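No experiment lies behind these values; they were computed from the predicted model shown.
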Amino acid sequence: MDSESKDACSIVSEYPIETDKGMSHNETPRAIQDYQDSEFSFSMKSIRRDDRYYFSLIIFQVENCLFRVPRNAFEDQSPIFRDMFAVPTFGREGDNDENPIRLEGIKQSAFRNLLEVLYPLKHSGEHGKKPLGFLSSTAMRVDEWSQEQWTAVLDLAHMWQFETVRNMAITKLQLFGIDEVQKVEMAHKYEIKEWYAPSYLALAKRAQPLTVVEAARVRYDVAIKIAQVREKRLQRKLQLDELDTIFPKGAKKVKKGKKLTDIPDFHWQPMAGTEDDLQMSEDVRRVLDC
């Protein structure tokens, strides 16, 4: 110890601070402690929490796995969780490992995929398991996801009303060659209304009618609507074939009222593909409105 430190120690020992009865000389006097506490309380009143970067953490249990994540995404993006957190009786659930929020009936792989969309992490290491920090987008990892992974994310996002995540999952799923029967199933289950008309039209234009198994999958009421569109198309084709028989190719005159009108090389042809599609689209719109 240098001379200055020795001098300081001697001064303190020469003039000890008077303490409360029973307090050792190494303890902080009560008056000083009370003063420090009041000063700390006063200073804390002038400190505020940042609106964007002050996160509360929440702990979920999914199957036998605990997840500890910022609470803000669940509270900001899902009205289901926001309402749950607002319930006064919710208490301290999710604050520690002994009392997590238990999500029954959810697979941890699906929940982990949802978290990767909500909290995209930059990874390193041999298997990409070590997180380095948050990314501004999910492009680094989720672009390699399978249809099953995006379907799992859509399932949770739809159930918990994560609207932004739901729309993202739908956009990603459109990149996969999903069978039309499965698309109708998914459109009904997840209320993807923009998939109804295109899927109905594709099934109505298909060469083979729906099988009994497929009809059960898309719902029998939908199968009937698709059959109605197919029947209308068939009726139009039969009418055109009948006209083609009455006015065969090469006919030069067609009776129109009381006059005969010259029509060079008159021949009734089935509607062009685009015209047929327009008519069928209109039929689909009608059956959807029923």
**Request:** Could you pull out all residues at least two apart from F67 that satisfy ring pair (Phe, Tyr, Trp, His ring centres under 6.0 Å)?
**Result:** F111

**Asked** Does R206 have any salt bridge (charged side-chain N to carboxylate O under 4.0 Å, His left out) partners at least two apart in sequence or in another chain, and if so, which?
**Response** E214

**Complete:** Output for pair (I58 CD1, R68 CZ), nearest 0.5 Å, gives 10.5 Å

**Message:** Starting from L66 and following side-chain heavy-atom contacts under 4.5 Å between hydrophobic residues (I, L, V, M, F, W, Y), which residues can be reached?
**Reply:** I59

**Request:** Applying side chain to side chain contact (heavy atoms under 4.5 Å, CB included), name anything that partners Q149, two or more places apart in sequence or on another chain.
**Result:** N113, W145, S146

**Residue list, side chain to side chain contact (heavy atoms under 4.5 Å, CB included) with Y54, at least two apart or on another chain** = R49

**Message:** So, using side chain to side chain contact (heavy atoms under 4.5 Å, CB included) as the criterion, who are the partners of P209 when residues are at least two apart?
**Reply:** R230

**Request:** For N72, check side chain to side chain donor-acceptor pair (under 3.5 Å) against everything at least two apart and list the hits.
**Result:** none

**Request:** Using the test ring pair (Phe, Tyr, Trp, His ring centres under 6.0 Å), find all partners of F74 that sit at least two apart in sequence or belong to another chain.
**Result:** F60, F81, F162

**Request:** Identify, with sequence neighbours excluded, every residue that meets side chain to side chain contact (heavy atoms under 4.5 Å, CB included) alongside E63.
**Result:** K107, Q108

**Request:** Give every residue pair that meets the salt bridge (charged side-chain N to carboxylate O under 4.0 Å, His left out) criterion with at least one member in residues 175-187, sequence neighbours excluded.
**Result:** E185-R217

**Request:** Check whether any side-chain N or O of Y119 sits under 3.5 Å from a backbone N or O of P70 as a donor-acceptor pair, and report yes or no.
**Result:** yes

**Message:** According to side chain to side chain donor-acceptor pair (under 3.5 Å), who are the partners of R219, at least two apart in sequence or on a separate chain?
**Reply:** D221

**Prompt:** Pairs in or reaching into residues 154-164: which pass side-chain hydrogen bond (donor to acceptor under 3.5 Å, both in side chains), with residues at least two apart or in two chains?
**Reply:** D155-Y190

